[in-house]
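Data block below; observations after.
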Amino acid sequence: RPFQVAIDGPAASGKSTTAKMVAQRLGFDYIDTGAFYRCVTLAALSKGIDPSNQSQASQISNLAQSSHIGLKTVFSTSPSSLPTTRVFLDKKDVSSEIRTGTVSKHVSAVAAIGPVREAVLQKVRDMGATSASQEGNSGRAGLVMDGRDIGTVVLPNADLKIFLVADSRVRAERRLQELAKSGSKEEGLDVETVQKDLERRDELDRTRKASPLRKADDAVELDTSHLTIEGQVDAIVQEVHR
Ligand code: C5P
């Protein structure tokens with residue numbers, strides 16, 4: 001089977017950037033599982049459903065089952081440039097829409113609904129099974145997946161599990177820079193607000209009943225507070241080659 005790399009960690013710990021670059025370096029496929037929960041959240045909000053209202057859980061679960069979610073990652077031939085992932089919800093490109101503050105605010109409540117997780121798990125596994133069958137430029141087929149429960153639930157037998165951590169202030173600063181760069185920073189958004197939102201989301205992710213955020217026992221913990229993206233990527237690629 002393809003080589004599997006599972007990358008988990010709290011919000012804005014650099015998972016997706018790191019995972020994408022690791023995939024690019026090794027010629028592996030990449031799956032962003034957070035995008036699935038964001039799509040379900042967007043689908044619910046677009047239908048006027050309030051995700052914080054517990055009585056809407058079954059409606060949201062139905063949406064999670066019926067929505068078609070697609071990912072397309074474009075890799076670059078230069079190993080240092082950042083690959084881009086486009087996200088499609090029912091064939092519509094929602095790549096920017098799923099990163100807005102409104103979706104980020106509600107996504108953890110949606111991801112805490114058990115049947116939503118089951119629906120997403122099925123979709124993510126199907127995508128993993130079809131997308132990782134091609135051989136990468138490293139001469140072997142592989143898959144990098146990032147999220148909160150990859151090492152614990154989605155790919156429990158992954159060949160390498162990484163748990164990324166970083167100080168919440170550092171994570172907030174990085175997230176703000178990223179939003180500014182992509183032009184999606186909302187007016188007046190400051191580092192304290194972003195930090196609070198990340199901490200609140202982590203708390204929800206850690207304390208929920210359905211597959212909470214936690215480090216798998218056999219995961220390698222990597223603190224990225226003082227690492228550059230290149231440093232993080234190098235460290236993981238070295239682990240793959242070990
Ligand atoms: O990674 P990202 O910040 O896009 O994920 C958005 C949210 O989706 C997380 O805050 C978490 O609540 C949820 N999530 C999850 N399990 C995953 C990936 C994301 O619960 N595997």
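Here the structure is a predicted model, which is why all the values come from computation and not from measurement. Side chains are part of it too, since the values below use all heavy atoms of this structure and drop only hydrogens, waters and symmetry mates. First listed ligand is number 1; within each ligand, the first listed atom is number 1.
- Rounding to the nearest 0.5 Å gives a distance of 6.5 Å between CG of Asp8 and CG of Asp149.
- Here the shortest heavy-atom distance to atom 12 (O) of ligand 1, taken over Leu121, Leu213, Val116, Asp205, belongs to Asp205.
- For atom 17 (C) of ligand 1, the nearest non-hydrogen atom of the protein is Arg148 N, 3.2 Å.
- With respect to atom 10 (O) of ligand 1, the closest heavy atom belonging to the protein is Arg201 NH1, 2.9 Å.
- Using a 4.5 Å cut-off on side-chain heavy atoms (C-beta onward), Arg148 and Lys15 make contact.
- Less than 4.0 angstrom separates some heavy atom of Arg99 from each of these atoms of ligand 1: 4 (O).
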So Leu82 and Thr17, side-chain contact (heavy atoms from CB on, under 4.5 Å) or not? Walk me through it. CA-CA 8 Å; Leu82 189 65; Thr17 306; 3.6 Å; yes
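- Atom 13 (C) of ligand 1 has Ala111 CB, 3.6 Å as its closest protein atom, hydrogens excluded (heavy atom only).
- The heavy atom nearest to atom 16 (N) of ligand 1, out of those in Arg200, Arg175, Arg117, is found in Arg117.
- Here Arg169 pairs with Glu192 in a salt bridge; the nearest charged N to carboxylate O distance falls below 4.0 Å.
- Closest to atom 18 (C) of ligand 1 among all protein heavy atoms lies Thr33 OG1, 3.4 Å.
- Nearest to atom 21 (N) of ligand 1 among the protein's heavy atoms is Asp149 OD1, 2.8 Å.
- Donor-acceptor pairing under 3.5 Å is lacking for the side chains of Ser16 and Asp146.
- Between Lys15, Arg38, Met145, it is Arg38 that holds the heavy atom closest to atom 4 (O) of ligand 1.
- A 4.5 Å side-chain heavy-atom check between Thr224 and Arg174 finds at least one atom pair inside the cut-off.
- Side-chain atoms of Ser104 and Arg38 form a donor-acceptor pair, as typed in the model, at a separation below 3.5 Å.
- With a 4.0 Å cut-off on non-hydrogen atoms, Ser108 touches ligand 1 through its backbone as well as its side chain.
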